[in-house]
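Just so it is clear, the structure is predicted and the values come from calculations on it, not from any experiment.
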Amino acid sequence: MFYIIDVKGLESIYGSLKETFHVISPTLKDGILLYSEDVDFNSLPFGYTQMEGPSFYQLLQSSGRYFTYLRPSNTLKYFLRSPNMKLLTVKRSNGELSFEYHINHRKLAFFDVRRCDLKALQTLDNVYLNDRFPDPYYRSLRENMFLVGVDCQTASDVCFCHCMGVYLEDSYGADIFITELDGRFLVTALSKKGVELVEKLHIKKASVEDIQKAKEKREGLLSTFKKYLDTKDLKENLYRNIEHPYWEEIGKRCLSCTNCTQVCPTCFCFDIKEVNSIELDLSERVVSWDSCFNQTFATVHKFNIRDTITSRYRQWLMHKMAYWQDQFGEFGCVGCGRCITWCPAKIDIQVETAKLREL
Amino acid sequence: MNVQNPYSLVKGKVVKVHRENYNTVSVLVESDIKPEVGQYVMFYTFGRGEAPITVASYQDGMSLHTVRIVGDVTGYFQHIQEEGTVYLRGPYGNTWGFEEAYGRDVIIISGGLGLAATRWLMEKIIQNRDNFKVVYSLYGSKSFQDLLYKEKYNIWAREIDFRVTVGTPDPAWTGRVGMITQLLEDIKIENPSIFICGPDPMVKAVVDILSSKGVNKREIKVSLERHMKCSVGTCGHCMFGPFFVCKDGPVFRYSDIEYFYTKKSV
Amino acid sequence: MRVGVFKFSSCDGCQLAFFDVLEELLKSREIQIEFFLEAQSINRFDTFDVSFVEGSVSTEEEEERIRQIRESSRYLVSIGACAVSGGIQSIRNFLDFETLKNEVYNYVDLHNSLPTSRPISDYVKVNYEVRGCPINAFELVEIVTSIILNKSLTVNLNPVCVECKAKGNICILVLGSPCLGPITASGCGALCPSFKRGCYGCFGPLRGSNFEGLKQIFKERGWDFQESILSSFNSYNKNFRDEVWKLGS
């Protein structure tokens, strides 16, 4: 179902979501674009653009268009699996334990999610849900979620989603998708939830010309990508070079700071910590973000299997670009480029992968 | 929708505690958990966290777990009492899949605490003894003090060729002294099915000998140990190459993992 | 659990952390504070289950006293950058002591300092080190809780960056502030970076971190790495010492 709206129409979609959901949308915080909760329609960073490069980020104000910016610097996982999430509370009395499990039933709506992040969400779904042990914490939030996808208008210097299985024709589970035309917006309602929301607003159906124009806009995006990664036989090539001395070169530069894993929309690794009361009658089990770059991550009997930064960087890149294919039949990288922007050491995963596959 | 929470803990009753040696205890636990041969459970101890512990034996709702007291969670087992309560979840992981050895020779190789992971397998083979040809079970222990299940050796030896070696001589030990690899040298090997559990360096050494004797690496199964937090394939800690040891393993066909297993720090 | 709190060469700031969480600590009926000069008038020096030691060793008297405390304690926990690394006063370890003494003091003979200010672990066995200048009071509660539970105290091996991103911060090193976060142990809750100020390493160096790598980044951006390290209160930390010496040459 296709509809056409103006900026007032966008505002009413946003407002209508706010009636039922906790809406999360991109906003400016100290000069950085971030997904934030409890903001309003006016805080959408309309007209801004980002310049991003290895260890470089700058925000610019552009001309009168709207969705000219790109994906925010944080990711959806921050809201789906917060950095410190209570898993269960254990109470102890008279030597017996009782357990309370904290499954979150909040209804979240994301307004303005770009294709890379939508695809990343599906990638996370495959980790948490499509298994013998679906994760009820993730599932509860995921099933109650509303997703508004938005088409990008340009790619930044770090974007390479077009090489990582992110296709313009796919809407990746979004309930509605918005494409900016000149001063107006084509709204594509994709799910039942999406159609219901839009129908309620009594907005105009789109014409065949509008739909055609949106398609052309989308296709125009492809010519703006500056990065390219050849993914044909990527896994085989990386496996072949798993012991290549070049990994050491990256290991010398990598700070093992974990920035890349934490800004990555698909990195899912976590630790479970015990938070105890001093009276020792209460203990919380807290899921907190962990990273394969941390020194205790792969410890067996106090012996760290990946004891060098080189081996930990290799683990990360290999997982994203190769292991993930064996595990889930897709890449663990969606080409959003966040890890490139936020690496203090200017390590560029696309450049390094391209190099490693050719060695 | 009612989804089973993988982090839900169930209560278990400690039926029996048996002190194996200076740092290891075996506990017999009665619970609703229904494991299969080769699987493990997660034990939870208050304020300390969880640890994966293999199922060393199982019968009629009672599972045996052999725990070496080294860390915080296992430290709890130091003072564990009969009739006490424990909390656990599971079972997790795949199984030894011993049925594929029907009609063939079998070699079980265990190093150190690895014997806990092969004990139930051995018992199953003994129960179905007629389905197998020659069965060897080789067990290497660091020292006499570290030996597990001493009271069982004679019982097992009646049904299968069970051989033990310890790493250092001891006045109290009259059996073999030496490496487990030496036990392998002495036996005749003919298209056997092989099951191994032990420290990584031992596994590598044993596989080298086996393959020099012409054993196909597809016929070797290894049970691995890695750091685990969730045990359901989401926390990432146990990842080893493209495998999640917690759910794809702990038992792997050696030919599947060889490429990654033989690389340093993978 | 018999607890002692002791002070060596330091500013007393870390002992104040006890006051911040005293109510919480005393909720446990296990804890008896036997010795704590800053907090109580009646003190008993006998044996201790846990001794918390603040400050560095910088006089001969202190050298003697730390040995006594060690002998009397089951656990010895050093608290804060002075006790763990030698503190700000350990900058003298990298300079000529005699020159320094004459420059700073009018009456040199009143002065009984050792030529170096050293961490507690240079003199006696330390069971656990609580990082920070000052220490994080919540970490103190956690440590006490773990000791009561007889749970091991594990050394934190994550950089500040882990806590920083968990707080939802964006990397200020990338945005142009000199930040020691990647080579500094976490535990502070990324306090400074959360206020857009670079980490100055008050929790001390993280073992196994890429010192050289960060040095290169500082160099490229035109920041003084040596100065940042020397003013970090932790330059004499065992994990740093050798690297810091190299910086000068």
Next item on the list: Step through it carefully: locate the ring centre of B/F240, locate the ring centre of A/Y323, and say whether they are under 6.0 Å apart.
Entry: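 Centroid distance B/F240-A/Y323: not below 6.0 Å, so no.
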At a 4.5 Å cut-off on heavy atoms, which part of [X] comes close to chain A: side chain, backbone, both, or neither?
X	result
B/Y92	side chain
B/Y87	side chain
B/K247	both
B/T234	both

Can you tell me which of [options] forms the most heavy-atom pairs within a distance under 4.5 Å of chain B?
options	value
A/Y137, A/Y128, A/Y239, A/Y138	A/Y239
A/R312, A/K273, A/E96, A/E284	A/E96
A/T310, A/V127, A/V90, A/L88	A/V90
A/Q325, A/M318, A/H319	A/H319

Residue pair [X] / [Y]: nearest heavy atoms and the distance that separates them:
X	Y	result
B/C230	A/F270	CB-CZ, 3.9 Å
B/S265	A/D307	OG-OD1, 3.7 Å
B/F46	A/D281	CZ-C, 3.9 Å
A/D290	B/H237	OD2-CE1, 3.0 Å

Next item on the list: May I ask you to test the B/P6-A/P136 pair for a side-chain heavy-atom distance under 4.5 Å?
Entry: yes
Margin query: Are A/I305 and B/V266 packed together at the side-chain level, in the sense that at least one heavy-atom pair is separated by less than 4.5 angstrom?
Written below: no
Notebook entry, point to check: For the side chain of B/H227 and the backbone of A/T299, is there at least one donor-acceptor N/O pair under 3.5 Å apart?
Noted result: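 Looks like yes, one N/O pair under 3.5 Å.
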Margin query: Between A/D326 and B/P242 (side chain of the first, backbone of the second, donor and acceptor by atom type, cut-off under 3.5 Å), is there such a pair?
Written below: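 Between the backbone of B/P242 and the side chain of A/D326 there is no qualifying donor-acceptor contact (under 3.5 Å).
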Taking atom [atom1] as the centre, does [X] end up with more than 12 heavy-atom neighbours from other residues, nucleotides or ligands that are less than 6.0 angstrom away?
X	atom1	result
A/K235	NZ	yes
B/M179	CE	no
B/K16	NZ	no
B/R218	CZ	no

Margin query: If I take atom NZ from residue B/K263 and atom OG from residue A/S311, how far apart are they, to the nearest 0.5 angstrom?
Written below: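 Nearest 0.5 Å value for the NZ-OG distance: 15.0 Å.
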Item checked: Gap between atom OG1 of B/T262 and atom CD of A/E243 - 0.5 Å precision -> 7.0 Å
Check: How are the rings of B/F244 and A/F268 set to each other: parallel, tilted or perpendicular (split at 30° and 60°)?
Finding: tilted
Notebook entry, point to check: Parallel, tilted or perpendicular: which fits the ring planes of B/Y44 and A/F99, with parallel below 30° and perpendicular above 60°?
Noted result: perpendicular
Notebook entry, point to check: Could you walk me through whether A/V287 and B/K229 pass the side-chain contact (heavy atoms from CB on, under 4.5 Å) check?
Noted result: CA-CA 10 Å; A/V287 163; B/K229 286 282 180 174; over 6 Å; no
Notebook entry, point to check: Passes side-chain contact (heavy atoms from CB on, under 4.5 Å), B/V232 versus A/R132? Steps please.
Noted result: CA-CA 8 Å; B/V232 293; A/R132 269 180 296 161; over 6 Å; no
Residue part contacting chain B, namely of [X], when any heavy atom lies under 4.5 Å:
X	value
A/L87	side chain
A/N304	neither
A/I103	side chain

Margin query: Please determine whether side-chain contact (heavy atoms from CB on, under 4.5 Å) holds for the pair B/C235 and A/D271, giving the CA-CA distance in whole Å, both sets of side-chain angles, and the decisive distance to 0.1 Å.
Written below: CA-CA 7 Å; B/C235 80; A/D271 192 9; over 6 Å; no
Partner chain A: residue of [options] with the largest heavy-atom pair count (under 4.5 Å):
options	result
B/G241, B/C238, B/G84, B/G71	B/G241
B/D248, B/T85, B/L9, B/D200	B/L9
B/K264, B/M239, B/M228	B/M239

Check: Quick one: do A/R285 and B/E50 make a salt bridge, cutoff under 4.0 Å?
Finding: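 Yes, A/R285 and B/E50 are salt-bridged.
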